[in-house]
Amino acid sequence: MRKALLLAMVAAFTLSAAPPKRSSQVAPQTFPHPMALFLDNLSDSGTRQVTFKARALGVRFFFEEPTGVTVYRFEHGRYEREEFLKGLTLDRAVRRYRP
């Protein structure tokens with residue numbers, strides 16, 4: 001009986017505890033210089049708002065822009081451009097390369 005009461009108290013406490021707050025910040029603590037230059041160029045030094053999606057899968061990195069998806073392949077310690085898939089979305093491009 002005491003075990004059941006203790007278990008019920010622990011369950012009630014656990015369920016009533018507030019979930020941890022998620023940070024709305026997505027920017028990393030550190031940033032490589034080449035990436036900073038790339039994003040500066042992409043946003044035209046802050047004059048253009050940029051929206052994009054990206055995904056890594058295996059040895060490939062997919063970068064979606066409004067006109068299509070650029071596919072990069074990891075070789076020699078870096079991602080090198082493999083091809084541009086005009087008109088495709090990120091999901092459709094990833095499906096093409098999924099094993």
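Just so you know, these numbers come straight off a predicted model, no measurement behind them.
- Val69 and Phe84 fall into different hydrophobic clusters, where Ile, Leu, Val, Met, Phe, Trp and Tyr are joined by side-chain heavy atoms under 4.5 Å apart, directly or via other members.
- Relative ring orientation between Phe38 and Phe63 is described as perpendicular, the plane-to-plane angle rising above 60° on a 0-90° scale split at 30° and 60°.
- Looking at every heavy atom in both residues, Leu85 comes nearest to Ala93 through CD1-CB, 3.7 Å.
- Crowding of Glu75 atom CD: a count of heavy atoms from other residues, nucleotides or ligands under 6.0 Å exceeding 12.
- Aromatic ring orientation, Phe61 versus Tyr72: tilted (interplanar angle from 30° to 60°).
- One hydrophobic cluster holds both Leu57 and Leu90 under the rule that ILVMFWY side chains link at heavy-atom gaps under 4.5 Å.
- In this structure the side chain of Arg96 never reaches within 4.5 angstrom of the side chain of Phe62, judged on heavy atoms.
- Between Glu80 atom CD and Glu82 atom CD the span is 10.0 Å, to the nearest 0.5 Å.
- Looking at every heavy atom in both residues, Tyr79 comes nearest to Arg60 through CE2-C, 4.0 Å.
- Within 6.0 Å of atom CZ in Arg78, 12 or fewer heavy atoms from other residues, nucleotides or ligands are found, so the atom counts as exposed in its surroundings.
- Here Thr70 contributes atom OG1 and Glu83 contributes atom CD; the two are 9.5 Å apart, rounded to the nearest 0.5 Å.
- Between Thr47 and Asp44, the shortest heavy-atom distance links the atoms OG1-O, 2.7 Å.
- Two residues are said to be in side-chain contact when any heavy atoms from C-beta on lie closer than 4.5 Å; Asp91 and Val94 fail this criterion.
- No single ILVMFWY cluster, assembled from side-chain heavy atoms under 4.5 Å apart, contains both Leu37 and Phe52.
- Separation of atoms CD (Gln49) and CG (Leu42) is listed at 11.5 Å; rounding is to 0.5 Å.
- Checked by atom type and distance alone, the side chain of Arg73 never pairs as donor or acceptor with a backbone atom of Val59 at under 3.5 Å.
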